[in-house]
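Since the structure comes first, as structure tokens, the remarks are kept for the end.
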Amino acid sequence: MKSVFFGAVSATALIASVGHAEPQAEVLHWWTSGGEAKSVAVLQEEFAAQGGTWTDMPVAGGGGDAAMTALRARVLSGNAPTAVQLKGPAIQEWYEEGVLADISAVAEAQGWADVLPASIAGHMQCEGTWCAAPVNVHRVDWIWANADVLEANGIEMPNTWDEFNAAAEKLQAAGIIPLAHGGQSWQDATVFEAVALGVLGADGFRKAFVDLDMDTLKSDEMKAVFDQMRTMRGYVDDNFSGRDWNLATAMVMNGEAAFQIMGDWAKGEFMAAGKVPGEDFLCASVPGDGFLYNVDSFAMFTVDGDDKKAGQDLLAELIVGQNFQKVFNLNKGSIPARTDVSLDEFDSCAHLSAKDMTESSDNGSLLPSYAHGMALRGAQAGAITDVVTAHFNSDMSSDDAVNMLVDAVTNSM
């Protein structure tokens with residue numbers, strides 16, 4: 001009975017134990033585009049409704065690199081934010097620096113271990129303690145399309161990369177940009193890992209980008225990945241360099257381009273613009289089997305003051321609470337991290353995502369995204385992405401790219 005009672009304890013009760021402090025939270029994140037900004041506003045509103053004072057610290061830049069630079073400066077100055085958008089191995093890296101707070105009291109009181117998939121819960125724990133709160137599950141390996149453009153050109157969503165290439169050639173002949181893309185390194189890596197999953201298969205992807213298996217990294221199959229990337233380079237427009245991802249999504253929305261390969265945060269942009277899945281835009285997994293996930297989360301940093309600690313406890317409870325998990329993910333385009341949240345209000349793309357995630361989890365093809373910081377630590381991921389971007393923006397051969405990839409990974413270990 002004691003554990004049942006404790007399981008019902010809320011962060012509000014925990015806050016009361018630290019002297020009725022008013023919850024304060026300075027939150028660093030990089031959710032600044034339309035769908036993302038709308039999503040984080042939900043958390044701000046819930047926090048304020050519980051008597052909290054939220055100080056927003058948004059740092060623009062879709063991949064989060066600028067936010068991490070700002071975070072390091074704050075930590076080095078001894079003035080860490082209360083909560084920071086972090087994910088994957090980056091959480092462990094900050095924990096090893098001794099700057100993360102322990103939020104196990106909230107996690108245990110709320111029964112997180114019972115409602116989160118084990119693989120996702122593992123990312124949120126630091127040597128047995130809970131140090132971060134998951135917000136969602138994003139699928140990375142999506143292909144989005146303008147429904148009218150495809151219909152007008154007699155094109156179906158591609159099931160193989162050969163079908164994609166044939167569709168792209170047909171679109172180019174019709175004067176339409178086949179692939180909307182932003183020439184930023186993380187976007188290059190997003191397309192690359194989607195192609196790699198399709199070409200290498202789930203086992204090959206795991207060996208290459210989770211285990212860093214050298215035989216796989218230097219294989220003929222990896223050469224084929226770069227061959228396809230070279231083909232993809234011919235399907236983007238001349239002005240792609242430096243373009244933000246949401247501007248590429250807008251190109252698909254307005255019919256300037258047909259396809260975009262991007263995580264399901266792109267769906268948040270479509271939905272924020274009033275577009276309807278299955279009517280205005282189409283969604284499908286990229287060619288090949290498997291599911292690449294990217295889990296947004298907030299890590300709590302060690303702070304001084306009962307008010308900030310109270311803010312952390314309240315934030316943690318709200319983030320993993322059923323209401324926020326539902327409302328946030330309806331806005332963001334992702335699916336809840338909790339497995340007990342009803343999907344009745346979610347769209348067809350979200351239902352497909354949840355179905356594929358379950359199936360991939362069952363058959364062993366549910367994989368962490370390397371491009372979005374879930375599979376590898378920064379040095380290894382950065383080394384791979386440097387090669388990908390160098391290849392995509394030059395006439396480098398696939399053989400040379402594979403050799404450079406092997407050398408880069410070796411030197412980063």
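- When the shell of 6.0 Å around CG of Asn254 is examined, it contains more than 12 heavy atoms from other residues, nucleotides or ligands.
- A ring-ring contact (aromatic ring centres under 6.0 Å, His included) with His181 is found for exactly one of Phe259, Tyr235, Phe392, namely Phe392.
- Within a 6.0 Å radius of CE in Met157, more than 12 heavy atoms belonging to other residues, nucleotides or ligands are found.
- Look at Arg233 and Asp395 and you find no salt bridge, because none of the NZ, NE, NH1 or NH2 atoms lies under 4.0 Å from a carboxylate O.
- Listed here is the closest heavy atom pair of Val75 and Ala80: CG2-CB, 4.2 Å.
- One distance of note links CZ of Phe209 with CG of Leu292; it measures 10.0 Å at 0.5 Å rounding.
- For the residue pair Glu22/Thr53, the side-chain donor-acceptor check at 3.5 Å is satisfied.
- No side-chain donor-acceptor contact under 3.5 Å links Asn79 and Ser77.
- Donor-acceptor pairing under 3.5 Å is recorded for the side chains of Asp227 and Ser398.
- Asp213 has no carboxylate O lying under 4.0 Å from a charged side-chain N of Arg206, or vice versa, which leaves the two without a salt bridge.
- Residues passing the side chain to side chain donor-acceptor pair (under 3.5 Å) test with Ser285: none are found, sequence neighbours excluded.
- Trp186 and Trp265 have tilted rings, their planes meeting at an angle from 30° to 60° on a 0 to 90° scale.
- Partners of Trp54 according to the side chain to side chain donor-acceptor pair (under 3.5 Å) rule, which considers only residues two or more places apart in sequence or in another chain, are Asp56.
- Rounding to the nearest 0.5 Å gives a distance of 8.5 Å between CE of Met357 and OG1 of Thr339.
- Contact record, Thr190 with Ile261: CG2-O, 4.2 Å, taken as the closest heavy-atom pair.
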Derivation of the ring pair (Phe, Tyr, Trp, His ring centres under 6.0 Å) call for Phe328 and Trp31: CA-CA 12 Å; Phe328 177 92; Trp31 286 325; 5.2 Å; yes

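- A donor-acceptor contact under 3.5 angstrom links the side chains of Asn165 and Gln228, judged on distance only.
- Across all non-hydrogen atoms, the minimal contact from Val303 to Lys309 is CG2-N, 4.3 Å.
- Shown here for Gln85 and Asp296, the closest heavy-atom pair between the two residues is NE2-OD1, 3.4 Å.
- A pairwise comparison of heavy atoms in Phe324 and Ser39 identifies CE1-O, 4.2 Å as the closest pair.
- Side chains of Asp244 and Gln187: no donor on one and acceptor on the other come within 3.5 Å.
- Looking only at atom types and distance, the side chain of Ser369 has a donor-acceptor partner in the side chain of Glu193 under 3.5 Å away.
- Thr249 and Glu269 share no donor-acceptor pair across their side chains, judged by distance under 3.5 Å alone.
- For Ser297 and His123, the side-chain atoms include no donor-acceptor pair closer than 3.5 Å.
- Of all the heavy atoms in Ala375 and Pro368, the pair that sits closest is CB-O, 3.6 Å.
- Interatomic distance, CD of Glu46 versus CD of Glu317, reported as 9.5 Å (0.5 Å rounding).
- In this structure, NZ on Lys223 lies 10.5 Å from CG on Asp400, to the nearest 0.5 angstrom.
- The closest side-chain donor-acceptor pair between Ser397 and Asp399, if any, does not fall under 3.5 angstrom.
- In the model, Thr385 has a side-chain atom that pairs as donor or acceptor with a side-chain atom of Tyr370 under 3.5 Å.
- The distance from the CZ atom of Phe270 to the SG atom of Cys349 is 9.0 Å, given to the nearest 0.5 Å.
- Ionic pairing of Arg72 and Glu97 is present here: one or more N-O contacts between side-chain nitrogen and carboxylate oxygen are shorter than 4.0 angstrom.
- Ring pair Trp142/Phe291: centre-to-centre distance not below 6.0 Å.
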